[in-house]
Peer 1: 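I'd like to ask you about the structure that follows.
Only this structure's heavy atoms are used, side chains among them; waters, hydrogens and symmetry mates stay out. Throughout, residue positions are numbered sequentially from 1 according to the sequence presented.
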Amino acid sequence: MTVTGTTAVCRSCGGAIFIVLSLGSTPLANRLLTREQLDQPEPRYPLDLAFCPACTLVQITETVPPEELFSEYVYFSSYSDTALENARTIVERMVGQRSLGANDLVLEIASNDGYLLQYYLERGVPVLGIEPAANIAAVARSRGIDTTSEFFGAGLARRLADGGIRPSVLHANNVLAHVADLNGVVGGIAIILSDDGMAVIEVPYLLDLIDRCEFDTIYHEHLCYFSVTSLRLLLERHGLVIADVERIPIHGGSLRLFVGHAGRVSAGERVEAQLEEERRWGVNSVETYQTFGASVKGLGERLRALLTELKSSGVQIAAYGASAKGSTLLNVLGIDGTTLDFVVDRSVAKQGKFTPGTHLPIYPPGRLLDESPDFVLLLTWNFAEEILRQQEEFRRLGGRFIIPVPEPMVV
């Protein structure tokens, strides 16, 4: 049974799902506000995490229309040095391993501002980006990257394939978690990928999310949280096979899968080993995810206690990163302007706006040197190494960072 906006069946297999964690009702994590919008009603949606025993997919129950989430977007991948380096290295690897050249085509779903495709273009490999956010697609085109501003699915894939577009390599980085029509997108990949082509798919890894208590990666744009087990069943439904899998550190722990057509590739040893590790871990057990709920509660209590103790001593606390995960953490734990004075972010698209729900002003990172807060809550902890390096001068002058996940820690 489904009701408007909410699903009671699995997004992948259609089986019954069970809620294992409720994070309350929160605003849209990337809906930053202008000053004029601060007094206007702010939509909030339930944020409930559910588990499907049939295919093991972990997912949220609420579906916000994608047009509301992605038609205009504030996340530009190029502002992250870590994301750029991750993109550059996989491009070099794919060009070398598959001998890509001027007669090949590389397509990326949710190609953002061209942060990845630019490296193929530099090597003389033709590219096509699919990016529904018109403002971000415009930036990619200004860099010379051919970009289509549509949502990817089976219909668009068929239209492109009928026009002769069959990529040798297809990238889907951090996009599967965002799509409501999982089967439509994966079916589209199967349609458009050339017969001997390889799809490179990156997703945040469910096991890392649970083991590291990364509850703040749960928000309305992230509809699904994947294991190799759930992905294998989803992909095989559309005639696709995971040939290889890697665990990579980006975004708090991710999977990188190499996927091809059934009959062209077969599952390698690392795929079978990861499936076995997940089985031992408890990927099929609802108790695994119910225990996660208790861990989230404990982490939240410890972080709030730390911030309350610091604030009561008279120190100033700011935050770094007007990120989606930061929005979840602040809104779920009730951390607002009574504790934090402001937020800084490297993205000029976010500066001058206010955070969803908590309405904290967003400034450039230079504000940290201007205001000299005693502590900075690092909301973008997944880029901790990069940010701590960038803020070396602030730290040298005595500023300290609080890393909230997986355990509150002052550095």
Peer 1: Looking at Leu23, Ile218, Val296, which hits side-chain contact (heavy atoms from CB on, under 4.5 Å) with Val332?
Peer 2: Leu23
Peer 1: If we only count heavy atoms from C-beta on, is the Leu310 to Ile402 side-chain gap below 4.5 Å?
Peer 2: yes
Peer 1: Could you pull out every donor-acceptor pair under 3.5 Å between side chains of residues 197-206 and any protein atom, sequence neighbours left out?
Peer 2:
{"unit_1": "Glu202", "atom_1": "OE1", "unit_2": "Asn86", "atom_2": "ND2", "d": "3.2"}
{"unit_1": "Glu202", "atom_1": "OE2", "unit_2": "Arg256", "atom_2": "NE", "d": "2.9"}
{"unit_1": "Glu202", "atom_1": "OE2", "unit_2": "Arg256", "atom_2": "NH2", "d": "3.1"}
{"unit_1": "Tyr205", "atom_1": "OH", "unit_2": "Gln274", "atom_2": "NE2", "d": "3.0"}
{"unit_1": "Tyr205", "atom_1": "OH", "unit_2": "Glu278", "atom_2": "OE2", "d": "2.5"}

Peer 1: Side-chain donor-acceptor pairs under 3.5 Å in residues 150-159, sequence neighbours left out?
Peer 2:
{"unit_1": "Glu150", "atom_1": "OE1", "unit_2": "Arg159", "atom_2": "NH2", "d": "2.9"}
{"unit_1": "Glu150", "atom_1": "OE2", "unit_2": "Arg159", "atom_2": "NH2", "d": "2.7"}

Peer 1: Is the backbone of Leu275 close enough, under 3.5 Å, to the side chain of Thr229 for a donor and an acceptor to pair up by distance?
Peer 2: no
Peer 1: Only counting residues at least two apart or in another chain, list the ones meeting salt bridge (charged side-chain N to carboxylate O under 4.0 Å, His left out) with Glu301.
Peer 2: none
Peer 1: Measure the spacing between CG of Asp196 and CZ of Arg166 and express it to the nearest 0.5 Å.
Peer 2: 10.0 Å
Peer 1: Side-chain donor-acceptor contacts of residues 180-187 below 3.5 Å, not counting sequence neighbours, with atom names and distances?
Peer 2:
{"unit_1": "Asp181", "atom_1": "OD1", "unit_2": "Gly184", "atom_2": "N", "d": "3.0"}
{"unit_1": "Asn183", "atom_1": "OD1", "unit_2": "Arg237", "atom_2": "NH1", "d": "3.0"}
{"unit_1": "Asn183", "atom_1": "OD1", "unit_2": "His238", "atom_2": "NE2", "d": "2.9"}
{"unit_1": "Asn183", "atom_1": "ND2", "unit_2": "Ser12", "atom_2": "O", "d": "2.9"}

Peer 1: Between Leu170 and Val106, is there a side-chain heavy-atom distance shorter than 4.5 Å?
Peer 2: no
Peer 1: Does Ala273 offer a backbone N or O that forms a donor-acceptor pair with the side chain of Glu276 under 3.5 Å?
Peer 2: no
Peer 1: Pairs under 3.5 angstrom only: tabulate donor-acceptor contacts from the side chains of residues 359-373 to other protein residues two or more places apart or in another chain.
Peer 2:
{"unit_1": "His359", "atom_1": "NE2", "unit_2": "Glu42", "atom_2": "OE1", "d": "2.9"}
{"unit_1": "Ser372", "atom_1": "OG", "unit_2": "Leu369", "atom_2": "O", "d": "3.4"}

Peer 1: Report yes if the side chains of Leu21 and Phe292 come closer than 4.5 Å at any heavy-atom pair, otherwise no.
Peer 2: yes
Peer 1: Measuring from Leu379:CG to Trp381:CH2, what's the distance to the nearest 0.5 Å?
Peer 2: 11.0 Å
Peer 1: First locate atom NE2 of His220, then atom OH of Tyr45, and finally report the distance between them rounded to the nearest 0.5 Å.
Peer 2: 8.0 Å
Peer 1: Does the ring centre of Phe51 sit less than 6.0 Å away from the ring centre of Tyr289?
Peer 2: yes
Peer 1: Side chains of Asp211 and Trp281, heavy atoms from C-beta outward: is any pair under 4.5 Å?
Peer 2: yes
Peer 1: Below 4.5 Å, heavy atoms only, C-beta onward: do Ile60 and His222 meet side chain to side chain?
Peer 2: no
Peer 1: Within the 3.5 Å criterion, strictly below it, is a donor on Asp336 or Thr338 matched to an acceptor on the partner's side chain?
Peer 2: yes
Peer 1: Is a donor on one side and an acceptor on the other found under 3.5 Å between the side chain of Asp345 and the backbone of Ala322?
Peer 2: yes
Peer 1: Using atom types as modelled and distance alone, determine if a side-chain donor or acceptor of Glu272 lies under 3.5 Å from a backbone N or O of Glu269.
Peer 2: no
Peer 1: Suppose we screen for salt bridge (charged side-chain N to carboxylate O under 4.0 Å, His left out). Which residues come up paired with Glu407, at least two apart in sequence or across chains?
Peer 2: Arg302
Peer 1: Drop me the distance from Glu85's CD to Ile90's CD1, to the nearest 0.5 angstrom.
Peer 2: 12.0 Å
Peer 1: Compare all side-chain heavy atoms of Cys224 with those of Arg11 and state whether any distance is below 4.5 angstrom.
Peer 2: yes
Peer 1: Does the side chain of Glu131 come within less than 4.5 Å of Ser149's, by heavy atoms?
Peer 2: no
Peer 1: Does any non-hydrogen side-chain atom of His261 lie less than 4.5 Å from one of Val241?
Peer 2: no
